[in-house]
Asker: 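Supplied in structure tokens, the structure appears directly below.
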Amino acid sequence: MNYVDSLKSVFADALKSAEDLSTLDELRLAYMGKKGLVKNLFENLKSTSSEIRGAKAKELNEFKEYVEAELMRAESDLKHRENNLRIQDEWQDISLPSSIQQQGSLHPLTRIERHCIEVLGMMGFKLAEGPEIEDAFHNFDALNISENHPARDMQDTFWLEKELLLRSHTSTIQIRTLQEQKDLPIRIISPGRVYRNESVDATHLAYFHQFEGLWVDEGVKFSHLKGTVDFIIKNTFGDGWDIRYKPKFYPYTEPSVGVDVREKGKNGKWITVLGAGMVHPNVFRMTGHDPKKVSGFAFGLGTSRMVSMAHGVTDMKSLYLGDLRVHQRLARKAYKA
Ligand code: DAH
């Protein structure tokens with residue numbers, strides 16, 4: 001092997017082991033730098049005899065060109081390789097569909113409340129609201145449930161300080177509306193949460209949702225009550241349900257009824273979805289209305305129960321526990337209207 005070839009072969013070995021651009025730079029410096037090998041070899045030429053200097057210089061030039069060309073080639077190869085690695089690393093398939101977004105939805109209770117507000121709104125009912133912390137007058141006395149009336153025991157109440165309580169029903173809104181409004185007609189609906197001091201177990205909680213309705217005017221009859229209640233039930237459950245009126249007792253209505261529904265043709269159990277009746281004369285008297293001039297009906301509808309019936313939720317408690325599986329399943333279902 002001649003002199004140049006052996007230089008080339010040493011360089012070629014060093015080049016092979018330069019696997020990244022920074023080692024390549026070191027190699028370039030070692031060969032082509034100011035204090036590099038090539039410079040050195042040219043320096044050494046000065047001390048060789050003049051006969052061979054020309055030939056040696058030619059060889060050295062050939063080696064220098066070789067080194068320069070090889071360094072350039074290796075640099076471009078390495079750049080290419082590093083680019084490819086980066087592309088592999090950062091590559092993204094922009095044609096892939098994006099990750100699935102969870103779509104939120106309203107709580108089933110909110111949906112049925114809004115549904116009922118819409119249905120009753122078509123009949124001219126307006127929304128009314130009231131506090132969840134009440135006094136005994138609005139929750140009991142003005143509803144003709146006097147202090148020693150056994151009906152107070154029917155609704156086990158959470159009592160707070162200073163004769164206040166957590167409302168046990170939305171019928172309090174009837175009283176507040178009748179006290180405030182003397183112009184006729186009075187037509188209000190009021191959905192909300194109510195509380196009962198029940199022992200909490202697998203299927204019972206100490207609160208649930210109700211929906212109160214009140215229509216007062218001159219000449220309101222039981223047939224108006226029936227027409228309104230039938231309208232709500234048909235618009236919520238559809239035509240495939242039987243409706244049954246049965247006598248019941250509420251101190252604030254006379255006569256009073258319970259309304260049951262059952263899926264047509266299934267012969268299943270009747271389930272009570274609301275209580276209703278013609279507003280008791282004492283309620284009118286206690287709120288400043290003349291029962292000889294006005295009449296009206298009221299109803300209280302169990303919204304939690306309606307949701308569980310409309311959707312076949314057997315455990316009502318699951319509506320309140322924020323279990324997404326229950327809510328997602330119900331979110332897809334629509335009410336009839
Ligand atoms: N307040 C009753 C309850 O919570 C429901 C009810 C019955 C409301 C008759 C009424 C009514 O307005 O007239 O069970």
Side-chain angles (χ1 to χ4, degrees), residues 109 113 116 120 125 127-130 132 134 136-146 149-158 165-179 186-198 204-217 220-230 232-233 243-261 271-284 286-287 289 291 294-306 308-309 316:
L109 280 167
E113 280 180 355
C116 290
L120 283 154
F125 284 80
L127 194 63
E129 282 178 311
E132 291 185 13
E134 263 295 0
F137 178 77
H138 291 92
N139 202 83
F140 293 124
D141 301 77
L143 285 160
N144 203 27
I145 311 172
S146 56
H149 199 291
R152 285 208 186 196
D153 294 336
M154 275 161 43
Q155 298 184 351
D156 259 331
T157 308
F158 284 113
L165 51 90
L166 291 178
R167 68 176 179 192
S168 59
H169 50 190
T170 44
S171 302
T172 52
I173 313 299
Q174 290 183 34
I175 302 305
R176 291 187 171 273
T177 308
L178 287 170
Q179 282 179 317
I186 296 170
R187 232 184 272 128
I188 56 107
I189 41 177
S190 185
R193 195 203 283 249
V194 300
Y195 301 83
R196 306 260 169 106
N197 192 0
E198 307 231 14
H204 290 93
L205 287 168
Y207 50 84
F208 57 96
H209 282 73
Q210 272 191 345
F211 200 100
E212 197 78 9
L214 175 71
W215 184 339
V216 174
D217 204 347
V220 175
K221 301 187 184 65
F222 192 86
S223 51
H224 293 105
L225 158 68
K226 198 161 175 294
T228 307
V229 168
D230 284 356
I232 303 169
I233 291 177
I243 305 174
R244 170 174 94 172
Y245 288 75
K246 63 185 181 188
K248 268 206 113 174
F249 170 75
Y250 297 104
Y252 33 102
T253 43
E254 178 62 36
S256 307
V257 288
V259 181
D260 298 350
V261 294
I271 298 195
T272 306
V273 287
L274 66 93
M278 302 305 290
V279 177
H280 197 286
N282 284 350
V283 173
F284 282 134
M286 264 182 286
T287 52
H289 293 264
V294 297
S295 60
F297 68 81
F299 61 85
L301 183 152
T303 13
S304 312
R305 185 166 291 177
M306 275 178 99
S308 59
M309 287 198 55
M316 233 186 337

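We count ligands from 1, going down the list as the structure has it; atoms in each ligand are counted the same way. The residues of the chain are indexed from 1 along the displayed sequence.
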Asker: Could you tell me which non-hydrogen atom of F299 sits nearest to which non-hydrogen atom of T228, and how far apart they are?
Answerer: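 Closest approach of F299 to T228, heavy atoms only: CE2-CG2, 4.5 Å.
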
Asker: Going by the order shown, which atoms of ligand 1 are within less than 4.0 Å of some heavy atom of F299?
Answerer: 8 (C), 10 (C), 12 (O)

Asker: OH of Y245 to CG of L274: how many Å apart, nearest 0.5 Å?
Answerer: 7.5 Å

Asker: Does some non-hydrogen atom of Y252 fall short of 4.0 Å from ligand 1?
Answerer: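 Within the 4.0 Å threshold, so yes.
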
Asker: Look at the rings of W215 and F297 and say which category their plane angle falls in: under 30° parallel, 30 to 60° tilted, over 60° perpendicular.
Answerer: tilted

Asker: Hey, which atoms in ligand 1 end up nearer than 4.0 Å to a heavy atom of T253?
Answerer: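 Those qualifying, in numeric order: 13 (O).
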
Asker: Do other residues, nucleotides or ligands put more than 12 heavy atoms under 6.0 Å from R305 CZ?
Answerer: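 For R305, atom CZ is not crowded (no more than 12 foreign heavy atoms under 6.0 Å).
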
Asker: Where does H280 meet ligand 1, judged by heavy-atom distances below 4.0 Å: at the side chain, the backbone, both, or neither?
Answerer: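 Within the 4.0 Å criterion, H280 makes no contact with ligand 1.
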
Asker: Please work out whether any backbone atom (N, CA, C, O) or any side-chain heavy atom from C-beta onward of A298 is under 4.0 Å from ligand 1, and answer side chain, backbone, both or neither.
Answerer: both

Asker: With ring centroids as reference points, do H169 and Y252 lie under 6.0 angstrom apart?
Answerer: yes

Asker: Return yes or no for this condition: an N or O of Y250 is under 3.5 Å from an N or O of ligand 1.
Answerer: no

Asker: Touching ligand 1 at all, A276? Heavy atoms, strictly under 4.0 Å?
Answerer: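 True for this residue.
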
Asker: Under 4.0 Å, counting heavy atoms only: does K248 come that close to any atom of ligand 1?
Answerer: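 No.
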
Asker: What atoms of ligand 1 come closer than 4.0 angstrom to any heavy atom of E212?
Answerer: 8 (C), 10 (C), 12 (O)

Asker: Give the atom numbers and elements of ligand 1 that come within less than 4.0 Å of a heavy atom of S171.
Answerer: 1 (N), 8 (C)

Asker: Suppose I only count heavy atoms of Q174 and a 4.0 Å limit; which atoms of ligand 1 are within that range?
Answerer: 10 (C), 12 (O)

Asker: At a 4.0 Å threshold, what atoms of ligand 1 neighbour a non-hydrogen atom of G277?
Answerer: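 Once the distances to G277 are compared, the set is 13 (O).
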
Asker: At a 4.0 Å threshold, what atoms of ligand 1 neighbour a non-hydrogen atom of H169?
Answerer: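 Answer for ligand 1: 1 (N), 4 (O).
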
Asker: Report yes or no: does R167 have a heavy atom closer than 4.0 Å to ligand 1?
Answerer: no

Asker: Do K246 and T272 have side-chain N/O donor and acceptor atoms under 3.5 Å apart?
Answerer: yes

Asker: CD of E129: more than 12 outside heavy atoms within 6.0 angstrom?
Answerer: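 Counting neighbours around CD of E129, 12 or fewer heavy atoms of other residues, nucleotides or ligands fall under 6.0 Å, so no.
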
Asker: Can a donor-acceptor pair be found, under 3.5 Å and without considering hydrogens, that links the side chain of S190 to the backbone of A128?
Answerer: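 Side chain of S190 to backbone of A128, a donor-acceptor pair under 3.5 Å: yes, one is there.
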
